[in-house]
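Inspection log for the structure reproduced underneath, given as structure tokens.
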Amino acid sequence: MNDSISTPFPHHDLLSLASWSGEDILRVFKLASAMKADPAEYKNLLAGKRLALIFEKDSLRTRFTFDLGIQDLGGSAVYLDHRHERLGARESVPDMAKNLERWVDVIVARTYRHRHVSELATHASVPVINGLSDLLHPCQALADLFTLHEKWGPDLPGKKFVYVGDGNNTCHSLLHAAPKLGLNVTVATPQGYEPNFKVMESARAAASEHGVTLEHSSNPQQAVMGAHAVYTDVWASMGQEDETEERAAVFHDFQVNEALMAEAQDDAFFMHCLPAHRGQEVTAAVLDGPNSIVFDIAENRLHAQKAVLALLLSSAIQADAKQQLTTGANA
Ligand code: CP
Ligand code: NVA
């Protein structure tokens, strides 16, 4: 059995990367690389395992990559479209958790309230993965940083990573993880749209522990100067549609365009979680330009999440392997 899976993984769920160490994240990357290089080797790893996908919001990437990801590993997925009403409306979230754990081995939930995905994890005995909440998007940050880890290899530590735009869920998960890998992080947001204070505190502690810098600026040109990677996300996240116009005015100077990218290193990568809005947070020239790695990231959602599924289910995989050995010995 692959080393990464035979050693116990120290987390039951993936709600937030705040509690995951740099080593935990690198373990995901190591397994993701192995799975990407030789998918056939892992095709029965999660044979018979079932995944529930419960989504309160739209999704292309997260839904497809988890559904296909568990199928690649021999398992199956069931999707529950919860876009018509909030979790907790028809029955309580704890009751939902206690039903689901009887049928499935792992749950992925995309919720408005972060509290709801946490509550599922508190009440379900099976692992729960945050597929995006209003506060965090940990699966996205893993794929983003896995992509940089692939591109830069051992040169990653010490590079300058700049996030420009709204201090939102994607930004928060990047802040939780990037300093732990040795990236110097700068976040540029308009005043009033800064990242959550607690997330910044946690990122500051990680940055000081890992000997890297963490800066916040309200000047995107200054922030991007010398950057090795520039990241942006939508200005109005799902659930903030009625603020779209107001935000377009506030974020006008935070558009990632060729002039802004000219402040970064010549070969700086452009990154975005997608979906993107050309002409708003990013211009078409940058998004579709030669330094854009947005589709590499989208592909890596699949590989990184397969690794997460395998690591969170590693104790179940070991129990199955033991059972097979016992059955084999008794046959
Ligand atoms: N980046 C991302 O999470 O995409 P979806 O909203 O399509 O899942
Ligand atoms: N911040 C965006 C990310 C979408 C993947 C949102 O929450 O809508």
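We count ligands from 1, going down the list as the structure has it; atoms in each ligand are counted the same way.
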Checklist entry - For ligand 2, is Leu274 a contact, meaning one of its heavy atoms is under 4.0 Å away? => result yes
Next on the checklist: If we count only N and O atoms by modelled type, under 3.5 Å, do the side chains of Asp134 and Asn169 hold a donor and an acceptor together?
Outcome noted: no
Next on the checklist: Regarding ligand 1, does Arg63 bring an N or O atom to under 3.5 Å of one of the ligand's N or O atoms?
Outcome noted: no
Checklist entry - With a 3.5 Å cut-off and no angle check, do the side chains of Arg278 and Thr283 form a donor-acceptor pair? => result no
Checklist entry - Below 6.0 angstrom between ring centroids: does that apply to His116 and His114? => result no
Checklist outcome for this item: With heavy atoms and a 4.0 Å threshold, my read on which part of Gln140 contacts ligand 1 is side chain
Checklist entry - Would Arg204 and Glu201 pass as an ion pair if we require N to O under 4.0 Å? => result yes
Checklist outcome for this item: heavy-atom search around atom 4 (C) of ligand 2 in the protein gives Leu132 CD1, 3.8 Å
Checklist entry - Which protein heavy atom lies closest to atom 4 (O) of ligand 1, and at what distance to 0.1 Å? => result Arg61 NE, 2.8 Å
Checklist entry - Do the charged groups of Asp58 and Arg83 touch, with an N to O distance under 4.0 Å? => result yes
Item to check | Cation-pi, Tyr42 ring and Lys306 (6.0 angstrom, 45 degrees) | outcome: no
Item to check | Closest candidate by heavy atom, reference atom 2 (C) of ligand 2, pool Cys171, Pro275, Gly165, Ser237 | outcome: Ser237
Checklist entry - Can you list the atoms of ligand 2 that are under 4.0 Å from a heavy atom of Met238? => result 6 (C), 7 (O), 8 (O)
Checklist entry - Looking only at heavy atoms, is any part of Arg110 under 4.0 Å from ligand 1, and if so is it the side chain, the backbone, or both, or is it neither? => result side chain
Next on the checklist: Quick test: of every protein heavy atom, which one is nearest to atom 7 (O) of ligand 2, and how far off is it to 0.1 Å?
Outcome noted: Asn169 ND2, 2.8 Å
Checklist outcome for this item: Going by the 4.0 angstrom heavy-atom rule, the piece of Leu274 near ligand 1 is backbone
Next on the checklist: Closer than 4.0 Å to some heavy atom of Ser59 - which atoms of ligand 1 meet that?
Outcome noted: 5 (P), 6 (O), 7 (O), 8 (O)
Checklist entry - Does ligand 2 have a heavy atom under 4.0 Å from the side chain of Asp134, from its backbone, from both, or from neither? => result neither
Checklist entry - When you check the side-chain N and O atoms of Ser217 and Gln222, is any donor under 3.5 Å from an acceptor? => result no
Checklist outcome for this item: For Ile317 and Ala310 the tightest heavy-atom approach is CD1-O, 3.6 Å
Checklist entry - Which word best sums up how the rings of Phe9 and Trp20 line up, parallel for under 30°, tilted for 30 to 60°, or perpendicular for over 60°? => result perpendicular
Checklist entry - How far is atom 3 (O) of ligand 1 from its nearest protein heavy atom, and which residue and atom is that? => result His137 NE2, 2.8 Å
Next on the checklist: What I want to know is whether Arg110 and ligand 2 share at least one N or O pair that is separated by under 3.5 angstrom.
Outcome noted: no
Checklist entry - Which atoms of ligand 1 have any heavy atom of Leu60 under 4.0 Å away? => result 5 (P), 7 (O), 8 (O)
Next on the checklist: What I want to check is whether the side chains of Glu119 and His123 have a donor and an acceptor closer together than 3.5 Å.
Outcome noted: no
Checklist outcome for this item: protein heavy-atom neighbour closest to atom 2 (C) of ligand 1 works out as Arg301 NH1, 3.3 Å
Item to check | Enumerated ligand 1 atoms positioned under 4.0 Å from heavy atoms of Cys273 | outcome: 1 (N)
Item to check | Subset of ligand 2 atoms that lie under 4.0 Å from at least one heavy atom of Asp233 | outcome: 1 (N), 2 (C), 3 (C)
Checklist entry - Side chains of Thr147 and Asp296: do they bring a donor and an acceptor to under 3.5 Å? => result no
